[in-house]
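A quick note: this is a predicted structure, and the numbers were derived from the prediction, not measured.
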Amino acid sequence: MRGGRCLFPLLPLALLPLALLLGLCHGREPAPGAVTCGSVLKLLNTRHSVRLHSHEVKYGSGSGQQSVTGVEASDDANSYWRIRGKSDSSCQRGTPVKCGQAIRLTHVNTGKNLHTHHFPSPLSNNQEVSAFGDDGEGDDLDFWVVQCSGTYWEREDTVRFKHVGTEVFLSITGEQYGHPIRGQREVHGMPAANHHNYWKAMEGIFIKPSLQPVKHDEL
């Protein structure tokens, strides 16, 4: 939101009702440009120019959980993720996400959380990244720390996501799948911070930042 107007950059019409549901224009005490709890967005890997993606396709090896990939298309609805805290109370809607804060990334269309664990990834033999849980509830391997340089995660920043449980970084190194997800890139965890694990917030519904808790009026 800028100058009192709500902005929906490249937002599909199908998601406009969700914008209203989230109360995009009802934040307080704005910290301009910050990514906020409850926002729904796409994440671009800046090295390989693909967006973080998931779908109802399971890995044929490793954990057998729902696969997570990178796709080139900017308009794929399966690339939306909701920003949540380790608990709902730790990341109230509209609160700017701090650098160093642990969050969950919940896949909007399937309700599963971005997850990693000690299984080898199918193409590169790095650490498998999957989507796990039901209706946004998984386990303590769903937590990722946002690494950035300032106080808050700003939309213009490139950031890293470091996994709390296994200390790997969310990464892409370019390996491509064949059938049935031909051309999609493998997403995996890597132990070292490098240019393969930089991400940037892209299209989505960004709730106006607020430094005060959102109050709910009784009907």
Exercise. Looking at His107 and Gln66, what are the two nearest heavy atoms and their distance?
Worked result: ND1-NE2, 4.1 Å
For this session: Taking Trp199 for its side chain and Leu170 for its backbone only, find out whether a donor-acceptor pair lies under 3.5 Å.
Result: yes
For this session: Determine, using the 4.5 Å side-chain heavy-atom cutoff (strictly less than), whether Ile181 and Leu123 are members of one ILVMFWY cluster.
Result: yes
Exercise. Would you say the side-chain atoms of Glu128 pair up with the backbone N or O of Ser63, donor to acceptor, closer than 3.5 Å?
Worked result: yes
Exercise. Given the rule that I, L, V, M, F, W and Y join up when any side-chain heavy atoms are under 4.5 Å apart, are Val57 and Tyr177 in one cluster?
Worked result: yes
Exercise. Rounded to the nearest 0.5 Å, how far does NE2 of His195 lie from CZ of Arg47?
Worked result: 4.5 Å
For this session: Determine, for Arg104 against Asp88, whether the closest basic-nitrogen to carboxylate-oxygen distance falls under 4.0 angstrom.
Result: yes
Exercise. What's the verdict on side-chain contact (heavy atoms from CB on, under 4.5 Å) for Val50 and Val71, showing C-alpha distance, side-chain angles and the deciding distance?
Worked result: CA-CA 5 Å; Val50 292; Val71 297; 5.7 Å; no
Exercise. Using a distance-only test with no angle check, is there a side-chain donor-acceptor pair under 3.5 angstrom linking Tyr198 and Arg160?
Worked result: yes
For this session: Mind telling me whether His48 and His196 have parallel, tilted or perpendicular rings, with 30° and 60° as the class edges?
Result: parallel
Problem set entry | Distance-minimising heavy-atom pair for Val68 and Ser54 | CG2-OG, 4.0 Å
Problem set entry | Side-chain donor or acceptor of Asp135 paired with backbone N/O of Gly111 under 3.5 Å | no
Seminar exercise, completed: On a heavy-atom basis, the closest approach of Glu154 and Ala34 is OE1-N, 3.4 Å
Exercise. Does any non-hydrogen side-chain atom of Arg51 lie less than 4.5 Å from one of Asp76?
Worked result: no
Exercise. Would you say the side chain of Cys37 lies within less than 4.5 Å of the side chain of Gln92, judging by non-hydrogen atoms?
Worked result: no
Problem set entry | Check: Phe169 main-chain N/O paired with Ser171 side-chain donor or acceptor under 3.5 Å | yes
Problem set entry | Trp144 and Thr116, any side-chain heavy atoms less than 4.5 Å apart | yes
Seminar exercise, completed: Output for pair (His115 NE2, Asp140 CG), nearest 0.5 Å, gives 9.0 Å
Exercise. Are Arg185 and Glu72 close enough, and set up right, to give a side-chain contact (heavy atoms from CB on, under 4.5 Å), and what steps lead you there?
Worked result: CA-CA 9 Å; Arg185 310 296 176 88; Glu72 293 181 353; 3.1 Å; yes
For this session: Could you give me the CA-CA distance, side-chain angles and deciding distance for Met190 and Val168, then say whether side-chain contact (heavy atoms from CB on, under 4.5 Å) is met?
Result: CA-CA 5 Å; Met190 299 182 70; Val168 297; 5.7 Å; no
Problem set entry | Sidechain-backbone polar pair: Lys200 side chain, Thr46 backbone, donor-acceptor under 3.5 Å | no
For this session: Determine, step by step, whether Ile103 and Trp153 satisfy the side-chain contact (heavy atoms from CB on, under 4.5 Å) criterion, reporting the C-alpha distance in whole Å, the side-chain angles of both residues, the deciding distance to 0.1 Å, and the verdict.
Result: CA-CA 12 Å; Ile103 64 169; Trp153 174 11; 4.2 Å; yes
Problem set entry | Residue that, paired with Leu41, satisfies side chain to side chain contact (heavy atoms under 4.5 Å, CB included) out of Val35, Thr36, Val108 | Val35
Seminar exercise, completed: Separation between CD (Glu203) and OG (Ser79), nearest 0.5 Å, reads 8.5 Å
Problem set entry | Gap separating the CD1 atom of Ile83 from the OG1 atom of Thr95, nearest 0.5 angstrom | 13.0 Å
For this session: State, to 0.1 Å, how close Tyr59 and Val187 come at their nearest heavy-atom pair, and which atoms those are.
Result: OH-O, 4.4 Å
Exercise. Between the main-chain N or O of Leu52 and the side-chain N or O of Trp81, is there a donor-acceptor pair closer than 3.5 Å?
Worked result: yes
For this session: Might you point out which heavy atoms bring Gly150 and Cys99 nearest each other, and give the distance in Å?
Result: O-SG, 3.2 Å
Exercise. If you look at every heavy atom in Tyr80 and Gly204, which pair is closest and at what distance?
Worked result: CE2-CA, 4.0 Å
For this session: Starting at CG of Asn113, measure out to CG of Asp142 and round the result to the nearest 0.5 Å.
Result: 4.5 Å
For this session: Check the pair Glu186 / Ser124 against side-chain hydrogen bond (donor to acceptor under 3.5 Å, both in side chains), numbers first and verdict last.
Result: CA-CA 8 Å; Glu186 181 187 81; Ser124 66; 2.5 Å; yes
Exercise. Salt-bridged, Lys112 to Glu56, with N to O below 4.0 Å?
Worked result: no
For this session: Answer yes or no: is there a side-chain heavy-atom contact under 4.5 Å between Leu44 and Lys42?
Result: no
Exercise. In terms of hydrophobic clustering (I, L, V, M, F, W, Y; side-chain heavy atoms under 4.5 Å; direct or indirect links), are Val159 and Phe143 co-clustered?
Worked result: no
Exercise. Can any side-chain N or O of Arg82 pair as donor or acceptor with the backbone N or O of Gly136 at less than 3.5 Å?
Worked result: no
Exercise. Is the backbone N or O of Ile207 less than 3.5 Å from a side-chain atom of Ser39, with the two atoms forming a donor-acceptor pair by type?
Worked result: yes
Exercise. Is there a donor-acceptor pair closer than 3.5 Å between any side-chain N or O of Asp139 and the backbone N or O of Leu141?
Worked result: yes
For this session: Starting at CD of Gln184, measure out to CG of Asn78 and round the result to the nearest 0.5 Å.
Result: 9.0 Å
Problem set entry | Flag, side chain of Ser67 to backbone of Lys58, donor-acceptor distance under 3.5 Å | no
